[in-house]
Amino acid sequence: MGRDNGTLLLKGKPVRDAVFAELSRLVAAAPRRPGLAVVLVGEDAASAVYVSHKEKGCDEVGFHHVTHRLPADTAQSELLALIGGLNADPAIDGILVQLPLPAHLDQAAVLLAVDPRKDVDGFHPENLGRLVAGSPRFVPCTPKGIVRLLEHYQVPVRGRTVAVIGRSVIVGRPLSLLLSLKGAMGDATVTMCHSRTPDLPRVCAAADIVVAAIGVPRFVTRDFVRAGAVVVDVGINRIDDPGHPKGTRLVGDADYEGLLGHAGALTPVPGGVGPMTIAMLLGNTWEAMSRVEGVHGRG
Ligand code: NAD
């Protein structure tokens, strides 16, 4: 296993590759190909990159996929009509509306319009409610990917204390719920921290596992991390770097260099949590199809 200065690197790529290989195997034997529809409204550059990764992922595992690229000034009614059509399309098992949407659109209403049985992002209130109730259907992809990553590297969470920094509906909140669920990859004691948490370094330094899902480059330094603790870095931030050929580079929400030799294990950025998110999206799409067709197997 890869170590850097004694810190175990929790790399997502090998786990993602294993999930992709298993999904390809399952699809080859399935009654039909799972279908994913992606809806992208507007010209956001980062969103366009994420969507192209999702398309490539679908191609790699043999899923059917369609991307609907709509202009930034698309009306709410047009978007809802498109989603209605996808809800009714039997070739489509999963629907993903790429966020954020342009400001004039009502994001909550759009997420509510997706059939919860096709909500492979897990953002529909019904699916979030199921997670809260302890009987999840679709779990949001990034939190699910983090749990799968920890499982793969045999990082125990049962009985451990976890500080999750960030309370977004996309990452921090569902991850906190997931890790505190009863069961093999839950049973953790979770503290959900946020921008109003006083004395954040002290709270985090008491935890066995620190998750950084903040959106602030290299925010989590050694002060936040007990020696030997595990750090999961969810952040993807592009910063200026004159020394880099492109003039910019990606960094996480944790101070990677500063934590090497101090943290027991750490997810690199890029190449840690990121690849897991797409793998879990495809896994959720497989799950949606398998429920409809009554087939089994986990990607
Ligand atoms: P968000 O902006 O919705 O939420 C950020 C959270 O951090 C908020 O809950 C806020 O309370 C908290 N926060 C902000 N400043 C803080 C501070 N100074 N102290 C303590 N808490 C603070 O962001 P998000 O959508 O949850 O994303 C977080 C990061 O993860 C971003 O860098 C994003 O790009 C990245 N991300 C990565 C993936 C992936 O696949 N790897 C997926 C989603 C998001």
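Linking Ile, Leu, Val, Met, Phe, Trp and Tyr residues whenever their side-chain heavy atoms come within less than 4.5 Å leaves Val203 and Val171 in two separate clusters. Hydrophobic clustering of Ile, Leu, Val, Met, Phe, Trp and Tyr side chains at less than 4.5 Å, counting indirect connections, keeps Leu150 apart from Val210. Note on Val157 and Leu178: same hydrophobic cluster, where clusters join Ile, Leu, Val, Met, Phe, Trp and Tyr whose side-chain heavy atoms are under 4.5 Å apart, directly or indirectly. Under a hydrophobic-cluster definition in which Ile, Leu, Val, Met, Phe, Trp and Tyr are linked whenever side-chain heavy atoms come within less than 4.5 Å, directly or via other members, Met280 and Leu23 are assigned to the same cluster. Leu36 and Met289 are assigned to two separate hydrophobic clusters, defined by single-linkage of ILVMFWY side chains at heavy-atom distances under 4.5 Å.
Under a 4.0 Å N-O distance rule, the pair Arg16/Glu60 qualifies as a salt bridge. Note on Asp93 versus Arg32: salt bridge recorded, some NZ/NE/NH1/NH2 to OD/OE distance being below 4.0 Å.
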Trace of the side chain to side chain contact (heavy atoms under 4.5 Å, CB included) decision for Cys204 with Val225: CA-CA 6 Å; Cys204 294; Val225 180; over 6 Å; no
query: Going through the distances and angles, do Arg196 and Arg167 end up as a side chain to side chain contact (heavy atoms under 4.5 Å, CB included)?
result: CA-CA 11 Å; Arg196 304 287 163 90; Arg167 56 181 160 185; 4.1 Å; yes
field: Stepwise side chain to side chain contact (heavy atoms under 4.5 Å, CB included) check, Leu179 with Leu181
entry: CA-CA 6 Å; Leu179 292 173; Leu181 286 184; over 6 Å; no
message: Assess the residue pair His68 and Val38 against the criterion (side chain to side chain contact (heavy atoms under 4.5 Å, CB included)); give the C-alpha distance rounded to whole Å, side-chain angles, the decisive distance to 0.1 Å, and a yes or no.
response: CA-CA 6 Å; His68 294 269; Val38 178; over 6 Å; no
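Using a 4.5 Å cut-off on side-chain heavy atoms (C-beta onward), Arg249 and Arg238 make no contact. No side-chain heavy atom of Val164 sits under 4.5 Å from any side-chain heavy atom of Thr191. Between Val216 and Asn237, the closest side-chain pair of non-hydrogen atoms is not below 4.5 Å. Contact annotation: the side chain of Ile146 never approaches that of Met276 to less than 4.5 Å [non-hydrogen atoms, C-beta and beyond]. For the pair Phe123/Val114, no side-chain contact is recorded, criterion being any heavy-atom separation below 4.5 Å from C-beta on. Between Val273 and Val232, the closest side-chain pair of non-hydrogen atoms falls below 4.5 Å. Annotation: side chain of Tyr256 is in contact with side chain of Leu266 (closest heavy-atom distance under 4.5 Å). Between Met192 and Thr197, the closest side-chain pair of non-hydrogen atoms is not below 4.5 Å.
Counting all heavy atoms, side chain and backbone alike, Leu128 lies closest to Pro140 at CD2-CG, 4.3 Å. Annotation for Ala263 and Thr7: closest pair O-OG1, 2.8 Å, computed over non-hydrogen atoms. Across Arg3 and Leu8, no two heavy atoms sit closer than the pair NH1-N, 3.6 Å. Closest of all the heavy-atom pairs between Ala188 and Val162 is CB-CG2, 3.8 Å. Residues Thr248 and Asp240 approach most closely at CG2-OD1, 3.8 Å, considering heavy atoms. Residues Gly94 and Thr285 come closest through the heavy atom pair N-CG2, 4.3 Å.
Glu22 meets the salt bridge (charged side-chain N to carboxylate O under 4.0 Å, His left out) test with Arg25; sequence neighbours excluded. Residues forming a salt bridge (charged side-chain N to carboxylate O under 4.0 Å, His left out) with Arg137 (at least two apart in sequence, or on another chain): Glu126. For Asp187, the salt bridge (charged side-chain N to carboxylate O under 4.0 Å, His left out) test picks out Arg158, with sequence neighbours left out. With sequence neighbours left out, the side-chain contact (heavy atoms from CB on, under 4.5 Å) criterion links Ser180 to Val190. Not counting sequence neighbours, the partners of Gln98 by the side-chain contact (heavy atoms from CB on, under 4.5 Å) test are Leu40, Ser47, Tyr50, Val51, Lys54, Leu96. Looking at residues two or more places apart in sequence or on another chain, you find a side-chain contact (heavy atoms from CB on, under 4.5 Å) between Lys56 and Ser52. In terms of the side-chain contact (heavy atoms from CB on, under 4.5 Å) criterion, residue partners of Arg226 (sequence neighbours excluded) are, by chain and number, Asp208, Ala229. Shown here are the salt bridge (charged side-chain N to carboxylate O under 4.0 Å, His left out) partners of Arg160, two or more places apart in sequence or in another chain: there are none.
Here Leu200 contributes atom CG and Cys193 contributes atom SG; the two are 5.5 Å apart, rounded to the nearest 0.5 Å. With rounding to the nearest 0.5 Å, the separation of CD1 in Ile165 from CD1 in Ile214 is 4.0 Å. Distance check, rounded to the nearest 0.5 Å: CD1 of Ile236 to CG of Asp253 gives 9.5 Å. Atoms CG and CZ, on Asp233 and Arg218 in that order, are 11.0 Å from each other to the nearest 0.5 Å. A distance of 13.0 Å separates OG1 of Thr221 from CD of Glu257, quoted to the nearest 0.5 Å.
No donor-acceptor contact under 3.5 angstrom links the side chains of Ser135 and Arg130, judged on distance only. Using modelled atom types, one finds a donor on one side chain and an acceptor on the other under 3.5 Å when comparing Thr142 with Thr277.
Pairs passing the ring-ring contact (aromatic ring centres under 6.0 Å, His included) check and including a residue from residues 136-170, sequence neighbours excluded, do not occur. Among residue pairs with one or both ends in residues 198-238, those qualifying as ring-ring contact (aromatic ring centres under 6.0 Å, His included) are Phe219-Phe224; sequence neighbours excluded.
A distance-only check finds a donor-acceptor pair linking the side chain of Asn127 to the backbone of Pro116 [under 3.5 Å]. Using a distance-only test at 3.5 Å, with no hydrogens or angles considered, a donor-acceptor pair links the side chain of Asn284 to the main chain of Val139.
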I'd like a table of donor-acceptor pairs (distance under 3.5 Å, sequence neighbours excluded) in which one partner is a side-chain atom from residues 77-87, with atom names and distances.
residue	atom	partner	partner atom	Å
Glu78	OE2	Ala75	N	3.4
Asn87	OD1	Asp115	N	2.9
Asn87	ND2	Ala113	O	2.9

Which donor-acceptor pairs under 3.5 Å do the side chains of residues 100-112 make with protein atoms, sequence neighbours left out?
residue	atom	partner	partner atom	Å
His104	NE2	Thr74	O	2.7
Asp106	OD1	Ala108	N	3.3
Asp106	OD1	Ala109	N	3.2

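With respect to Glu287, the salt bridge (charged side-chain N to carboxylate O under 4.0 Å, His left out) criterion is satisfied by exactly one of Arg298, Lys118, Lys144: Lys144.
Heavy atoms of other residues, nucleotides or ligands lying less than 6.0 angstrom from CD of Glu43 number 12 at most.
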